[in-house]
There are 2 protein chains.
Amino acid sequence: MTIQQIKYFLVLAKELHFWNTAEKVFISQSSLSRQIQALEDELQIQLFERDKRNVKLTNAGKFLQEQWREEIKEFDQIIRQAKKIDEGKTGTISITYPGSIAYEFLPKFLEVLSNNLPDLKIELTEPIDENHEKLLLNFQTDIAFSRDKIKNANIDSQKLYSEPICLVVPKNHRLNKKNLTRLENEKFIISGLHQTTFFASLLRSWFSKNGIEPKTIIESDFGGMIMNLVSKGLGISILPLSFKSAQAENVEFIELEEKIDLYINWRKKELNNTIKKVIELAKNVAKK
Amino acid sequence: MTIQQIKYFLVLAKELHFWNTAEKVFISQSSLSRQIQALEDELQIQLFERDKRNVKLTNAGKFLQEQWREEIKEFDQIIRQAKKIDEGKTGTISITYPGSIAYEFLPKFLEVLSNNLPDLKIELTEPIDENHEKLLLNFQTDIAFSRDKIKNANIDSQKLYSEPICLVVPKNHRLNKKNLTRLENEKFIISGLHQTTFFASLLRSWFSKNGIEPKTIIESDFGGMIMNLVSKGLGISILPLSFKSAQAENVEFIELEEKIDLYINWRKKELNNTIKKVIELAKNVAKK
DNA sequence: CCAACTAATGCAAAAACAGCATTAATTATG
DNA sequence: CATAATTAATGCTGTTTTTGCATTAGTTGG
């Protein structure tokens, strides 16, 4: 049984038409017909009911379609991952990160990477679905930066640093360290409070701890946009201190007591030495 | 790429010796050598480092060994399941059950099965690890009877019946319905209280509700053995009412208020019509 | 009843595969 | 240090499998 046969089967199971399928998979109709026969023969399972005109899946075929579709997807993913290991320093590694590190940590880290592993290709993604565990264990990512610690038997998680969160206000705003009152009257420009990200839940708890029901006038996920709006006097915001590195004009950062952490997460039994190296580099960058 | 090649790879990855491996998988050494080369070639991944004397896995090879070992296991399981669907009424279906239904429900159910589906082969297992969800979703079983309801998005669970649990005492024992006192002085012969089965946890909670710290003198999983010991006057026990059907001599059942349920569980999107039929038959048996 | 369609199959050429015998390199032995 | 033993790769040859073309045979729609 070949993987190719299974892939042919999956296309045919969708198309339910030998000629169209044959064309799609770049073999002749006769060859396809015989490949499917060979598969049925070897499995001793009838996959399709066909007469001279129609093709349809049997129940066993439907079952195998569902199961194999998933398994072949996994299968291909595994091979891609093995290739990464094989290619080592000249290969690709995938990194996911929260948008909030894009201004300070991430650029520093990427610079160090390109100095130490100049041929390494990096695939950066800011994940929508922040299920770091799944992304790591599926091999959809190799290194996940996150704001909260991941607790999973198959994942190692280490804190890189903490930083204060800050009120972000236009220059010469009435608020400053000595005068953090009447926040409830301020207009807030804030990153998706409704979301389930760690930062959003930290914000919600901060607001409730300070008895504030924030008047949110604009929501934006993009920190740069937020600072821009703040500098124009449209409202104030709350962001991690590292956004200061963006050097937005006309904006001041007022440190709050609350802190936020950054963690780095990777698969416990990682075999890819390049990934291990990258993790070490990340830790070094954070130490400085 | 053939499944066979992957299986050869897995054996070689364990043996790390071409001659031994070739013998194990019943092909010649030269053929094996070329199969592995073909695999490496097609994947464009080096799996083994070999000189004229030694064979060892590369990191990518180690990774694929780990991943493929699991995936091939799943793969074979999926095919076995597909075969069951294909064979239908003449095939096999797997059923897991708690020991406590062996005296009444199970025999009735099996009789109905053999009348309605005479050619169907049944594989009965009393699972040690009562993880019904996993057993079902892995296709290790097709129908799981359980004492507690299973809550899982991919599993359908339905109650078949409830029955009282009973004190089991020798005939003419001082205990009866009017006189359920001083149980704390009785010696108990009970099925594994330390276990994590649903029945055990029900017993524990019953004892604590009644303020009893039972003196357990014998633990046994086998209901028949328990009743035998009770009849010999060695102690008393607690069992579901249906054990009465075993018609042990010299034993009386005293119904308690506590009830215990029996559920039947199956995969939500079951494609095997025979399994669906068997589920219907089970429901009918329970209704009577 | 004919035309269009479609899955299966006979056939011949091409490709892939198997196993024997041998090679080439390494390690162990006396 | 020479020789034997070990072991993975490879050349070669006969066998099996696979391929695609052309054709067949059954079905459907007009």
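A, B, ... follow the sequence lines: proteins, then strands. Residue 1 opens every chain.
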Pair [X] + [Y]: basic N to acidic O under 4.0 Å:
X: Lys276(B); Y: Glu270(B); value: no
X: Lys56(B); Y: Asp51(B); value: no
X: Glu280(B); Y: Lys283(B); value: yes
X: Arg50(B); Y: Glu40(B); value: yes
X: Glu70(B); Y: Lys73(B); value: yes
X: Lys269(B); Y: Asp156(B); value: no
X: Arg267(B); Y: Asp142(B); value: yes
X: Glu111(A); Y: Lys108(A); value: no

In whole angstrom, give the distance that lies between atom NZ of Lys56(B) and atom C1' of dT7(D).
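Lys56(B) atom NZ is separated from dT7(D) atom C1' by 17 Å.
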
Give me the distances for all protein-to-nucleotides 15-17 of chain D N/O pairs that come in under 3.5 Å?
none

Taking five pairs at each end of the helix from dC1(C)-dG30(D) to dG30(C)-dC1(D), what angle separates the two helix axes (nearest 10°)?
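That helix gives 30° between its end axes.
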
For DNA chain D, whose closest nucleotide is more 5', that of Gln29(A) or that of Tyr8(A)?
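The residue closer to the strand's 5' end, by nearest nucleotide, is Tyr8(A).
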
Give the minimum heavy-atom separation between Ile143(A) and Leu136(A), together with the two atoms involved.
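Heavy-atom minimum between the residues: N-CD2, 4.1 Å.
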
For [Y], does its backbone N or O pair with a side-chain atom of [X] as donor and acceptor, under 3.5 Å?
X: Thr90(B); Y: Asp119(B); answer: no
X: Asp261(B); Y: Arg147(B); answer: no
X: Gln140(A); Y: Lys134(A); answer: no
X: Thr141(A); Y: Ala144(A); answer: no

Going by number, which of residues 35-49 of chain A have a non-hydrogen atom under 4.0 Å from DNA chain C?
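By residue number: Gln37(A).
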
May I ask you to list the residues of residues 9-28 of chain A, by number, that have any heavy atom positioned under 4.0 Å from an atom of DNA chain C?
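Per residue number, the list reads His17(A), Phe18(A), Trp19(A).
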
Are there over 12 heavy-atom neighbours, none belonging to Gln46(A), within less than 6.0 Å of that residue's CD?
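It does: Gln46(A) CD has more than 12 such atoms within range.
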
On DNA chain C, nearest-nucleotide positions of Ser31(B) versus Asp51(A): which is more 5'?
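Looking at DNA chain C, the more 5' nearest nucleotide goes with Asp51(A).
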
Has the side chain of Ser30(A) got a donor or acceptor that lies under 3.5 Å from a partner of the other kind on the base of dG20(D)?
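For Ser30(A), whose side chain was compared with the base of dG20(D), there is a donor-acceptor pair (under 3.5 Å).
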
Taking N and O atoms by type only, does the side chain of Arg34(A) place a donor or acceptor under 3.5 Å from a partner on the base of dG20(D)?
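Pair found.
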
Who passes ring pair (Phe, Tyr, Trp, His ring centres under 6.0 Å) against Tyr97(A), sequence neighbours left out?
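Not a single residue meets the ring pair (Phe, Tyr, Trp, His ring centres under 6.0 Å) criterion with Tyr97(A).
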
Outermost nucleotides of DNA chain C that come under 4.0 Å of a non-hydrogen atom of chain A:
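That gives a stretch of dA4(C) to dC11(C).
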
